[in-house]
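Only heavy atoms go into these numbers, but all of them, side chains included; no hydrogens, no water, no symmetry mates. Letters A, B, ... mirror the listed sequences (proteins, then strands); counts begin at 1.
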Amino acid sequence: MINSIRGFNDILPPETSIWQHIEKEAREIFEAYGFSEIRVPIVEKTGLFSRSIGETTDIVEKEMYTFEDRHGEAITLRPEGTAPVVRAYIEHKIYGNDPVAKFYYLGPMFRYERPQKGRFRQFHQIGAEVFGIDDPKADAETLEMLVCLFQKLGLEGITLQINSLGCKECRPLYKEKLLSFLQDKKSQLCHDCQRRFEINPLRTLDCKSPGCIEITAHAPSILDAVCDGCKTHFEKVKEYLALSQVDFSLNQKMVRGLDYYIRTTFEITALGLGSQNAVAAGGRYDGLVKSLDGPDTPGFGFAIGMERLVMLAKDRGQQLAVSNQPLVFIAILGDKAEKEAVGLIKRIRTSGIRLERDYSSKSIKSQMKRADKLGARYVLILGDDELSSCSIIIKNMQSGEQEKVALDRVEDRMKELLRKSASIKINLDIL
RNA sequence: GUGGGCGUAGCUCAGCGGUUAGAGCAUCGGACUGUGGCUCCGAGGGUCGGGGGUUCAAAUCCCCUCGUCCACCCCA
C-alpha cells in the first residue's frame, strides 16, 4: 500500500465543509476591507526565500523543500506566502497603478519539520498583505480585519499580542544593550539560550525555561529602547486599535522568526492548540520590497494557520453551524424503472436539488437503509407500481409520511417541500 | 536533528509466554418477499506494523527497523 508522505495530510469530508466555511467568511470580510485575491505559484526560485526570510533563519537553514529542476536551477516549495506576493507585486509593477495595493491569498505552504500537534509539512495559510502605507492606521485596520474574521467565526479564548521590534536603525542598538545585559549572566542561561546568545539574542526573551524567564524579566525593554519614530508609530497603532475596539495586550518579549519584520509585530494565540498556540501572526515589513529590487515600499501583512484555525472551529463543536443543502435519495426497483429514472434524476439534479440515487438494484430495504444512513430528508421511490400510473412516491424520512405525485410534477413538488424546511445544521462534534 | 508514548478487524480498544486472537461499533444478510431508524439472529473481515532473536511454545520477552502521535528546536 502506498500512503501519503509524512506531514502531508488528506483533508476529508465532512471536515472539508469547515474549510469551505472558513474560506468563504475570510473572502467576504477581506473583500469588504478592500483586499483582492492574488494567486501566486507554489514553487519559486530558492533565492527569493533565502533573501527575504533571512539566510540564517531556521526556515531557510533547515526547513525548505528545495530541489533542482531539470536545468539544474534551485527551486523551492514556498515556506510562506509573503515573499511570493512581494515578488509578484514587483514583477508586475503593481505600484504603478495606485500607491496602495491590498491582496489576500490562500493555499498550501511547505516546511520540512517534524510533525506534531498543529504542525505539518504541508500546511495551509490564509494571508493578507498591504503595500504602500507606512501609516500606523494600516497596521491597526489590518489587525481589526483579522480579529473581525475570528469574531465572525465565533472563536473564543483568543488573544492578540503586539510588540514593536524597532527598525533597521534602532534594533541593532537594542541588541547591543541586551547583549551587554546578558553578558555576565550567560553562564546561568539554559543550554539553548547560550546558543541563542550567539545566533539571535532576542530569542532569549521568549525562552520558556524558568531560569531564563527570571533573568530576562529584568532585561531592558525593547519598547523603551526603540527610536522616536518607532515609538510614535507604535503609540499610534495602539491608539487606532483602541478606536477600532480591538482588544490587545503588549508582549515585549515576543520575537518573530523572519528577518524582514520591523516595527509592529503581533501574534494571535488561542487555548487548545497544544504547544503551537499561534493561530495567526504577522507584522510590518517596510524595506522588504526594496530589498527584493522593487521601489522603497512599506508593507504590512499576516498569515493565518488554517489547520490550527480548523482545530479551534472544531473545538467549538455545535456552536459553529454550517448550513448544508438537504439531501434527497431515489430508490429504484426493477429494470424498467432503472431506465426511466435516468432522465428523471438528471431533471431533478439540474433543477438544483441535491440528489443521491441507488446504484445497487438491491432490495428496497437496503436502499432505504442507505438513504437513512446518508441522512436523506426525502426518499423518492420509483418501481413498477408507480410507473404503471406515471407517478412516484415521495417519502418524508422524518415524519414517515408519503405521498404519490405525477412523474412530471416531481421537481416542482420537491422544491415546494424543500423550501419549507430551513437549512439544516450540521453538528460539528461528529467530525 | 533530539527525546518520549503508541502500533492487534474499517474504527475504538481488550488480551501481555500456553488450544483455533476477542469485544463494542461499523459493514453485509435474515427475521420483515415493495419501505429506513428500534430489537433479535447470523455472516464476512486479522501475515497481531515489518524483520531477526530467545523459548518446547511469542500478539505477549529481547534487538533492529518502519509508521504514527506528543514534546524540544522553531514556527502558522
Q: Mind checking A:Lys395 for me? I need base, sugar-phosphate or nothing, with any heavy atom below 4.0 Å counting as a touch.
A: base
Q: Classify the nucleic acid contact of A:Asn3 as base, sugar-phosphate or nothing, counting any heavy atom under 4.0 Å across all strands shown.
A: nothing
**Q.** C1'-based separation of B:rC40 from B:rC69 [nearest Å]
**A.** 40 Å
(Q) On RNA chain B, does the nearest nucleotide to A:Ser4 precede the nearest nucleotide to A:Ala281 from the 5' side, or the other way round? Give the residue. (A) A:Ser4
Q) Taking C-beta and beyond as the side chain, do A:Cys212 and A:Thr204 meet within less than 4.5 Å on heavy atoms? A) no
Q: Give one of base, sugar-phosphate or nothing for A:Arg256, where a contact means two heavy atoms less than 4.0 Å apart.
A: sugar-phosphate
Q: Quick one: label A:Ile59 by what it contacts on the DNA or RNA (base, sugar-phosphate, nothing), any heavy atom closer than 4.0 Å.
A: nothing
Q.
Set out, in order, the CA-CA distance, both residues' side-chain angles and the distance that settles side-chain contact (heavy atoms from CB on, under 4.5 Å) for A:Asp247 and A:Thr159, then state yes or no.
A. CA-CA 8 Å; A:Asp247 293 332; A:Thr159 313; over 6 Å; no
Q: For nucleotides B:rA59 and B:rA9, find the distance between their C1' atoms and express it as a whole number of Å.
A: 14 Å
Q: Look at the aromatic rings of A:Phe266 and A:Phe300 and report parallel, tilted or perpendicular, splitting at 30° and 60°.
A: parallel
Q. What stems involve RNA chain B, if each pair must be Watson-Crick or G-U and both of its distances must be under 3.5 Å, with 3 or more such pairs in a row?
A. B:1-7 with B:66-72, B:10-13 with B:22-25, B:27-31 with B:39-43, B:49-53 with B:61-65
**Q.** Comparing A:Arg121 and A:Arg6 on RNA chain B - which has the more 5′ nearest nucleotide
**A.** A:Arg6
Q | B:rC28 versus B:rG44 - spacing of their C1' atoms, nearest Å | A | 7 Å
Q. So what does A:Gln402 touch, heavy atoms closer than 4.0 Å: a base, only the sugar-phosphate, or nothing?
A. base
(Q) Please classify the nucleic acid contact of A:Lys365 as base, sugar-phosphate, or nothing, using heavy-atom distances under 4.0 Å. (A) base
Q. With a 4.0 Å cut-off on heavy atoms, is A:Glu63 in touch with a base, just the backbone sugar-phosphate, or nothing at all?
A. sugar-phosphate
Q.
Heavy atoms only, 4.0 Å cut-off, all strands: where does A:Leu258 land among base, sugar-phosphate and nothing?
A. sugar-phosphate
Q: Check whether the side chains of A:Glu129 and A:Tyr89 place a donor and an acceptor atom closer than 3.5 Å, and report yes or no.
A: no
Q: Please name the residue in the list A:Val226, A:Leu202, A:Leu223, A:Leu179 that meets the side chain to side chain contact (heavy atoms under 4.5 Å, CB included) test with A:Tyr174.
A: A:Leu202
Q) Using atom P of each nucleotide, how far apart are B:rU60 and B:rG17 to the nearest Å? A) 11 Å
(Q) Say we look at B:rG30 and B:rG36: how far apart would their P atoms be, to the nearest angstrom? (A) 12 Å
Q. Is A:Arg370 touching bases, backbone alone, or none of the nucleic acid, heavy atoms closer than 4.0 Å?
A. nothing
Q: Give one of base, sugar-phosphate or nothing for A:Ser363, where a contact means two heavy atoms less than 4.0 Å apart.
A: sugar-phosphate
Q: Report the C-alpha distance between A:Arg171 and A:Glu176 in whole Å, list the side-chain angles of each, state the deciding distance to 0.1 Å, and finish with yes or no for salt bridge (Lys or Arg N to Asp or Glu O under 4.0 Å).
A: CA-CA 9 Å; A:Arg171 183 161 34 179; A:Glu176 285 309 314; over 6 Å; no
Q: For A:Lys185 and A:Glu214, run salt bridge (Lys or Arg N to Asp or Glu O under 4.0 Å): C-alpha distance rounded to whole Å, both residues' side-chain angles, the deciding distance at 0.1 Å, then the answer.
A: CA-CA 11 Å; A:Lys185 302 171 188 68; A:Glu214 202 173 313; over 6 Å; no
Q: Could you check whether A:Gly400 gets within reach of a base, just the sugar-phosphate, or nothing at all, counting any heavy atom under 4.0 Å?
A: base
Q. Quick one: how far along RNA chain B does chain A reach, first to last nucleotide 5' to 3', anything under 4.0 Å to a heavy atom?
A. B:rG1 to B:rA76
Q: Walk me through it: do A:Ser164 and A:Thr264 pass the test side-chain hydrogen bond (donor to acceptor under 3.5 Å, both in side chains)?
A: CA-CA 4 Å; A:Ser164 177; A:Thr264 317; 5.8 Å; no
(Q) Applying side chain to side chain contact (heavy atoms under 4.5 Å, CB included), can you list everything that pairs with A:Phe8, at least two apart in sequence or on another chain? (A) A:Ile5, A:Tyr65, A:Phe110, A:Arg121, A:Gln122
Q. Is there a salt bridge (Lys or Arg N to Asp or Glu O under 4.0 Å) between A:Glu44 and A:Arg87 once you walk through the steps?
A. CA-CA 10 Å; A:Glu44 296 275 358; A:Arg87 193 226 79 231; 2.4 Å; yes
Q.
Would you measure the distance from the C1' atom in B:rC75 across to the matching atom in B:rA14 and give it in whole Å?
A. 39 Å
(Q) Is it true that A:His233 and A:Asp139 share a donor-acceptor pair across their side chains at a distance under 3.5 Å? (A) yes
Q) What interatomic distance, in whole Å, is found between C1' of B:rA43 and the corresponding atom of B:rG49? A) 28 Å
Q.
Need one value for A:Tyr112: base, sugar-phosphate or nothing, where a base atom within 4.0 Å counts as base even if backbone is also close, heavy atoms only.
A. nothing
Q: Assign A:Glu61 to base, sugar-phosphate, or nothing according to its heavy-atom contacts below 4.0 angstrom with the strands shown.
A: nothing
(Q) Over all strands shown, is A:Gly118 touching base, sugar-phosphate only, or nothing at heavy-atom distances under 4.0 angstrom? (A) base
Q) When the P atoms of B:rG22 and B:rU47 are considered, how many whole Å apart are they? A) 15 Å
